[in-house]
Amino acid sequence: MYDPVNIKNTYDKMEHGKVKIAAMRSAVAEADRQGDVTYGAFFREEICHESCFYGDGMDMMIIFPELLALVDKHPETPTTIFDKYIYQNSLDHVLWIYKWVLSHCESYYQIPMEDCMNFFQDAKERFLRFGYNLKPWYLILYDFYKHIDKERAEKDFYEFERLPRDSNSDCQACERNTEISFYLDQGNLEKAVALSKEIENFKLTCGDKMSAWLRMKKHFMHYYMKRREFDKALDYCRMMERNLQEETEFERWDDFLVCYAHSDLGKALKIYKEHWKEWQEWRDPSDEFRVNVNACLFFRELGKSKEGKEQVKLPFDNSFPLYRESGQYGIQELYDFYYKKASDLAEKFDARNGADGYRKELEEALCITP
């Protein structure tokens, strides 16, 4: 007998990842067979959530157009017992998810610029039509333009700051973290520290008590990493490592790799050996870009430490493109491998964006003179 509540309770017991998303897809198919629009929408919303926070976003980008078409056809679809106290109806829930979709436009060079702009325009019209203002819309637009047009990005950020909060706004802790990140990017450490106080003392939290705090520590870690003050970055790295949460957002092992590469190469090498395979399987191109740059930084430091030794033994399997049975790899060879991947991704992003933001980020991170 069809029981959507039991279906949800069953997949909720599964570990996050591909198997859980597959179970959610089965739930979607069953709801569609039963003609259950309410749960057909809800199970698609669940895929979006799982993909956005525990996957790489690709499944969300694929399923969201289906979800949008469904609620457009049935705009008064009610919410389920699982979210009836949060959203007015399914369309209201979809508008919240739309913010996640907009955020992922920046992450996938495969989405043409024209499609990105269409997403932003469509979301803008829907937010206003539903009675919301554009505070979160400007915030996401700021993130989108950071690699394209810094002046435009700043203007969008200040529009976000100017507008009042409404029920479609992100939580106050998330908004505060974005402000902290912005002012750190501007080099205004004093203002960022002042803004961080309410998160530091847990007056502002997001979901799990530690999530906003960890997100803030990540921003400060990146601030010092970009300035190559790795001793200070390592302090934040260790704070995060001691307080890791379930969300993959805080498992910044590729960032930790770089921090330890400048202080404890043995631990850095251990991190690389434990995580190279999962990094190889990532599907989010912006994350791929970041991890490839960080791998370059790691192998550069490893090369400096080897005192003339040019090779390192690593436990790759045959899924690694450079795999060889001996397990011996040239350090420069590995640096070049990751550099080419990062460079190729930078070229693809910049071609989509009509800019050179990713190329500049790559050059600055690796201290390359154009």
Without placing hydrogens or testing angles, list every side-chain donor-acceptor pair under 3.5 Å for residues 58-70, not counting sequence neighbours.
unit_1	atom_1	unit_2	atom_2	d
D59	OD1	R25	NH2	3.3
D59	OD2	R283	NH2	3.2
E66	OE1	R44	NE	3.1
E66	OE1	R44	NH2	3.4

Check whether any side-chain heavy atom of H222 sits under 4.5 Å from a side-chain heavy atom of R252, and report yes or no. yes
Can you sort out the partners of E301 under salt bridge (charged side-chain N to carboxylate O under 4.0 Å, His left out), two or more places apart, ordered by chain and number? K304
Working for salt bridge (charged side-chain N to carboxylate O under 4.0 Å, His left out), residues E229 and K232: CA-CA 6 Å; E229 298 181 43; K232 294 180 180 178; 3.2 Å; yes
Lys/Arg cation over aromatic Y11: K20, 6.0 Å, 45° cone: no
Residues clustered with M1, ILVMFWY side-chain links under 4.5 angstrom: none
With under 30° as parallel and over 60° as perpendicular, where do the rings of Y108 and H104 fit, or are they tilted in between? parallel
Residue set satisfying side chain to side chain contact (heavy atoms under 4.5 Å, CB included) with K313, at least two apart, ordered chain then number -> Q328
Side chains of F182 and Y142, heavy atoms from C-beta outward: is any pair under 4.5 Å? yes
Could you check whether F220 and Y223 have their ring centres less than 6.0 Å apart? no
State, to 0.1 Å, how close A365 and V293 come at their nearest heavy-atom pair, and which atoms those are. CB-CG1, 3.7 Å
Residues R290, D254: salt bridge by 4.0 Å N-O rule: yes
Using distance alone, with no hydrogens and no angle criterion, decide if Y2 and D36 have a side-chain donor and acceptor under 3.5 Å apart. yes
For D12, the side chain to side chain donor-acceptor pair (under 3.5 Å) test, sequence neighbours excluded, returns K8
Nearest heavy-atom pair of A261 and L265: which atoms, and what distance? O-CG, 3.6 Å
Given side chain to side chain donor-acceptor pair (under 3.5 Å), test H49 with E46 step by step and report yes or no. CA-CA 5 Å; H49 183 274; E46 290 275 88; 5.6 Å; no
Does atom CD of E281 have more than 12 heavy-atom neighbours, drawn from other residues, nucleotides or ligands, at distances under 6.0 Å? yes
Check ion pair E241-R238 (N to O, under 4.0 angstrom): no
Less than 4.5 Å apart, any side-chain heavy atom of D83 and any of F42? yes
Are the side chains of H16 and F53 in touch, meaning some heavy atoms are under 4.5 Å apart? no
Using every non-hydrogen atom in the two residues, find where A173 and T205 come nearest and quote the distance to one decimal. CB-O, 3.4 Å
Which residue pairs pass the salt bridge (charged side-chain N to carboxylate O under 4.0 Å, His left out) test with at least one member in residues 342-356, sequence neighbours excluded? K340-D344, D356-K360
List in chain and number order the residues that pass side chain to side chain contact (heavy atoms under 4.5 Å, CB included) with E125, two or more places apart in sequence or in another chain; answer none if no residue qualifies. Q121, R129
With the 4.5 Å side-chain cut-off for hydrophobic clustering, are V37 and Y39 part of the same group? no
Could you check F299 against Y272 for ring-ring contact (aromatic ring centres under 6.0 Å, His included), going step by step and ending with a plain yes or no? CA-CA 10 Å; F299 281 111; Y272 180 80; 5.1 Å; yes
If the condition is salt bridge (charged side-chain N to carboxylate O under 4.0 Å, His left out), which residues does D115 pass it with, not counting sequence neighbours? none
Looking at E364 and K226, does any basic side-chain N land under 4.0 Å from a carboxylate oxygen? no
So, using salt bridge (charged side-chain N to carboxylate O under 4.0 Å, His left out) as the criterion, who are the partners of E274 when residues are at least two apart? none
Apply the test ring-ring contact (aromatic ring centres under 6.0 Å, His included) to residues F337 and F320: give CA-CA distance (whole Å), side-chain angles for both, the deciding distance (0.1 Å), then the verdict. CA-CA 11 Å; F337 169 75; F320 190 73; 5.1 Å; yes
Whether K191 engages the ring of Y183 as a cation-pi pair (distance to the six-membered ring centre under 6.0 angstrom, angle to the ring normal within 45°) should be assessed. yes
Q332-D336 side chain donor-acceptor pair, cut-off 3.5 Å: yes
With sequence neighbours left out, what residues match K273 under side chain to side chain contact (heavy atoms under 4.5 Å, CB included)? L269, L314, P315
To the closest 0.5 Å, what do you measure between CD (Q172) and CG (N177)? 12.5 Å
Quick one: closest heavy-atom pair of K135 and L163, and the distance? NZ-O, 2.7 Å
Electrostatic pair K277-D317, nearest N-O below 4.0 angstrom: yes
Quick one: does F298's side chain get under 4.5 Å of Y338's, heavy atoms only? no
Is the closest side-chain heavy-atom distance between S263 and F230 below 4.5 Å? no
Could you check whether R176 pairs with E179 (Lys NZ or Arg NE/NH1/NH2 to Asp/Glu carboxylate O, under 4.0 Å)? yes
Run the salt-bridge test on K99 and D170 with the 4.0 Å N-O cut-off and return the result as yes or no. yes
Are any non-hydrogen side-chain atoms of L141 and F157 less than 4.5 angstrom apart? no
Any idea how F349 and Y109 line up, ring-wise: parallel (<30°), tilted (30 to 60°), or perpendicular (>60°)? perpendicular
Taking the ring of Y158 and the ring of Y138, is the distance between their centroids below 6.0 Å? no
Can you list the steps and then say if N353 with Y145 is a side chain to side chain donor-acceptor pair (under 3.5 Å)? CA-CA 9 Å; N353 294 339; Y145 274 106; over 6 Å; no
Carboxylate-amine/guanidinium contact D255 K218, below 4.0 Å: no
Stepwise, does the side chain to side chain donor-acceptor pair (under 3.5 Å) test hold for S343 with R359? CA-CA 7 Å; S343 182; R359 170 57 57 184; 2.6 Å; yes
Restricting to non-hydrogen atoms, name the atom on L297 and the atom on R300 that form the minimum distance, rounded to 0.1 Å. CD2-NH2, 3.3 Å
Using salt bridge (charged side-chain N to carboxylate O under 4.0 Å, His left out) as the criterion, list what pairs up with D264, not counting sequence neighbours. none
V71 versus S90, closest heavy-atom pair with distance: CG1-CB, 4.1 Å
Salt bridge check: are R126 and D72 linked by an N-O gap of less than 4.0 Å? yes
Contact check, side chains of H219 and L184, non-hydrogen atoms, under 4.5 Å: yes
Partners of N6 by side chain to side chain contact (heavy atoms under 4.5 Å, CB included), sequence neighbours excluded? D3, T10
Tell me, with the steps shown, if F316 and Y323 meet ring-ring contact (aromatic ring centres under 6.0 Å, His included). CA-CA 6 Å; F316 294 136; Y323 171 74; 8.2 Å; no
